[in-house]
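To keep things clear, I will list the structure first and then write my remarks on it.
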Amino acid sequence: MEHQPITILGSTGSIGTQALEVCENNGIPVKGLAAFSNEALLEEQARRFHPEQVCIYSEGHYLGMKARLADTDIRVVRGMEGLCDTAALSGTELCLNSVVGMVGLQPTLAAIEAGKTIALANKETLVTGGQLVMRAAKEKGVRILPVDSEHSAIFQCLQGYSGCEVNKILLTASGGPFFGKTREELARVTVEQALRHPNWSMGAKITIDSATLMNKGFECIEAVWLFDVKPSQIQVLVHRESVIHSMVEFCDHAVLAQLGAPDMKIPIQYALTYPERLPCAVKPLDLLEYGCLTFAKPDMDTFSCLGAALKAVEMGGLYPTLVNSANEELVRLFLNGKISFLQIGDTVSKMLELPAGQKVTLASVLEAEKTAREAVHSICGIA
């Protein structure tokens with residue numbers, strides 16, 4: 001089968017670089033690339049894949065990127081306008097959005113408006129703008145294919161069962177590097193310790209989110225929108241081995257699970273080649289290596305981010321945006337040594353006490369983002 005050209009937003013990150021390997025292995029042409037500021041790697045990717053256009057989001061790196069590619073016919077664009085233009089690039093059928101943070105919302109909307117299939121790895125798109133995005137996708141007849149291993153697993157389990165009633169979704173979590181730790185132990189956590197994930201190799205932001213379990217909270221919010229279920233229909237299970245990527249229980253109490261080795265190339269490739277399944281250059285799953293698979297209840301008192309995210313989606317409106325935006329800022333501050341690990345969850349939880357509207361528009365989402373970031377600085381005493 002001949003593959004249609006795609007665009008990759010966040011091409012220099014963990015998901016983006018693995019997606020390019022998948023493209024290379026399967027002969028998928030890449031017409032657009034976008035990165036935040038990594039000029040050197042973006043140049044290397046551009047020369048390797050020969051896209052029509054690249055976007056460097058950071059304005060300060062635009063001239064440098066232009067100079068690097070001056071001897072090519074590759075068009076270089078910048079900023080949010082360039083990111084949205086790359087997402088909606090003509091001649092492509094699919095846009096993989098793997099940028100980090102709320103910056104991913106507007107290009108997702110731009111790609112949907114242009115009628116592109118969305119391979120979604122940017123959590124914030126649905127966490128903050130789920131109502132907007134799903135409505136726009138329905139109006140345009142656009143398919144959203146999940147890239148996260150958990151949502152890909154749920155999506156795969158639902159194949160062929162579109163008319164069947166779902167009782168609940170069992171969303172698995174690795175538990176991160178601090179599973180079983182107490183608040184007292186977490187008070188002394190360093191950035192280096194928080195970045196040591198037991199099973200997955202990911203970027204810094206998502207690795208910290210995994211350590212606080214905020215990542216799982218965001219995945220619960222995403223699942224509400226992707227699979228049209230209520231928050232009460234989602235159960236989080238800590239599954240340390242990361243072999244079962246998630247499960248679906250149907251009305252007859254039959255449970256389907258998707259299993260595989262913990263390697264992101266599998267869900268990335270499935271999103272890029274759907275509905276085809278092609279050979280994938282990953283280690284096959286050998287259950288005898290594991291012997292047994294374990295499950296545990298998450299500790300939402302110690303890992304308060306998960307509880308805050310679940311409460312936010314129940315409260316609805318702009319509360320998920322407040323929680324998400326506060327978390328983005330808090331993770332940045334933690335990585336820069338400005339706050340402690342526990343301050344992330346404690347401060348995120350305080351976002352639920354702020355007044356927030358129920359009307360979700362792009363303008364209200366962006367305003368709520370600003371409100372949350374200002375609140376974080378005020379609560380943490382940071383100028």
Side-chain angles (χ1 to χ4, degrees), residues 1-34 44-52 86-87 89 91-99 108 111 115-122 137 141-162 172 199-203 219 222 226-227 241-248 256-287 289-290:
M1 176 180 176
E2 184 178 347
H3 297 287
Q4 296 301 309
I6 70 169
T7 59
I8 298 178
L9 311 183
S11 66
T12 60
S14 176
I15 296 294
T17 53
Q18 292 179 82
L20 285 171
E21 289 181 38
V22 168
C23 290
E24 195 166 49
N25 291 338
N26 293 283
I28 302 172
V30 179
K31 198 169 185 180
L33 293 171
E44 179 185 317
Q45 292 174 343
R47 293 186 182 278
R48 182 169 147 202
F49 289 91
H50 310 289
E52 179 181 296
T86 305
L89 204 58
T92 62
E93 290 199 358
L94 180 144
C95 174
L96 167 61
N97 187 348
S98 62
V99 302
T108 297
K116 312 298 182 186
T117 297
I118 309 296
L120 191 61
N122 172 255
V142 165
R143 177 182 280 126
I144 297 180
L145 302 173
V147 173
D148 275 352
S149 61
E150 295 84 358
H151 298 115
S152 178
I154 297 162
F155 179 67
Q156 292 178 62
C157 289
L158 290 172
Q159 296 301 299
Y161 295 95
S162 58
T172 56
N199 298 332
W200 298 96
S201 175
M202 307 175 290
E219 287 174 7
E222 287 181 277
L226 281 170
F227 307 113
E241 296 81 13
S242 294
V243 167
I244 297 178
H245 298 301
S246 276
M247 297 171 271
V248 175
L256 296 188
Q258 189 265 326
L259 288 72
D263 192 314
M264 281 303 298
K265 285 194 187 71
I266 298 173
I268 291 169
Q269 179 170 295
Y270 190 62
L272 297 188
T273 64
Y274 177 82
E276 280 192 292
R277 286 191 184 273
L278 301 174
C280 191
V282 301
K283 179 183 177 182
L285 174 65
D286 182 357
L287 287 172
E289 286 186 9
Y290 291 89

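Excluded from the calculations below are hydrogen atoms, water molecules and symmetry mates; all remaining heavy atoms, backbone and side chain alike, are included. Because the structure is a prediction, the values reported are computed rather than measured.
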*State, to 0.1 Å, how close Ala111 and Ala87 come at their nearest heavy-atom pair, and which atoms those are.*
CB-O, 3.6 Å
_Atom of Cys157, atom of Ser246 and distance for their closest heavy-atom approach_ = SG-O, 4.3 Å
*What distance do Ile28 atom CD1 and Gln4 atom CD have between them, rounded to the nearest 0.5 Å?*
11.0 Å
*To the nearest 0.5 Å, what is the distance between CD1 (Ile154) and CG (Leu226)?*
8.0 Å
*To the nearest 0.5 Å, what is the distance between OH (Tyr290) and CD1 (Ile244)?*
11.5 Å
*Measure from the side-chain N and O atoms of Ser98 to the backbone N and O of Gly10, and report whether any donor-acceptor pair falls under 3.5 Å.*
yes
*Main-chain N/O of Asn97 paired with Asn122 side-chain donor or acceptor, under 3.5 Å*: no
*Nearest heavy-atom neighbours spanning Ala271 and Val147*: CB-CG2, 3.8 Å
*Taking the side chain as every heavy atom from C-beta outward, state whether Leu120 and Leu145 have any pair of such atoms under 4.5 Å apart.*
no
*Let me see the working for Leu256 and Met247 under side chain to side chain contact (heavy atoms under 4.5 Å, CB included), right down to the final yes or no.*
CA-CA 5 Å; Leu256 296 188; Met247 297 171 271; over 6 Å; no
*Using the side chain to side chain donor-acceptor pair (under 3.5 Å) rule, take Glu93 and Thr117 through it: C-alpha gap first, then chi angles, then the decisive distance, then the call.*
CA-CA 6 Å; Glu93 290 199 358; Thr117 297; over 6 Å; no
*asked:* Using the ring centroid of each side chain, check whether Phe155 and Tyr274 are separated by less than 6.0 Å.
replied: yes
_CG-CD distance between Leu158 and Gln258, expressed to the nearest 0.5 angstrom_ = 12.0 Å
*With a 4.5 Å heavy-atom cut-off, do Thr273 and His3 have their side chains touching?*
yes
*asked:* Per the salt bridge (charged side-chain N to carboxylate O under 4.0 Å, His left out) rule, what does the pair list look like for residues 4-25, sequence neighbours excluded?
replied: Glu21-Lys265, Glu24-Arg48
*Please say whether more than 12 non-hydrogen atoms of neighbouring residues, nucleotides or ligands are located less than 6.0 Å from OH in Tyr161.*
no
_What's the separation between atom OG in Ser149 and atom CE in Met264, rounded to the nearest 0.5 Å?_
5.5 Å
*What pairs with Thr86 under side-chain hydrogen bond (donor to acceptor under 3.5 Å, both in side chains), at least two apart in sequence or on another chain?*
Gln53
*For Ile15 and Ala121, which heavy atoms make the closest approach, and how far apart are they?*
CG2-CB, 4.1 Å
*Taking only Lys NZ, Arg NE, NH1 and NH2, and the carboxylate oxygens of Asp or Glu, determine whether Lys283 and Glu289 approach each other closer than 4.0 Å.*
yes
*For Pro29 and Gly27, which heavy atoms make the closest approach, and how far apart are they?*
CD-O, 3.3 Å
*Return yes when atom CZ of Arg143 has more than 12 non-hydrogen atoms of other residues, nucleotides or ligands closer than 6.0 Å, and no otherwise.*
no
*Using atom types as modelled and distance alone, determine if a side-chain donor or acceptor of Lys116 lies under 3.5 Å from a backbone N or O of Ile6.*
no
*Compare all side-chain heavy atoms of Cys23 with those of Ile8 and state whether any distance is below 4.5 angstrom.*
yes
*asked:* For the backbone of Gly13 and the side chain of Thr17, can you confirm whether one donor and one acceptor N or O come within less than 3.5 Å of each other?
replied: yes
*From Leu89 atom CG to Cys95 atom SG, the distance as rounded to the nearest 0.5 Å*: 9.5 Å
_Minimum side-chain heavy-atom gap Leu33-Thr7 below 4.5 Å_ = no
*With no hydrogens and no angle check, is any side-chain donor or acceptor of His151 less than 3.5 Å from a backbone partner on Glu222?*
no
*Does Leu278 offer a backbone N or O that forms a donor-acceptor pair with the side chain of Gln269 under 3.5 Å?*
yes
*Judged by atom type as modelled, is there a donor-acceptor pair below 3.5 Å linking the side chain of His245 to the main-chain atoms of Gly260?*
yes
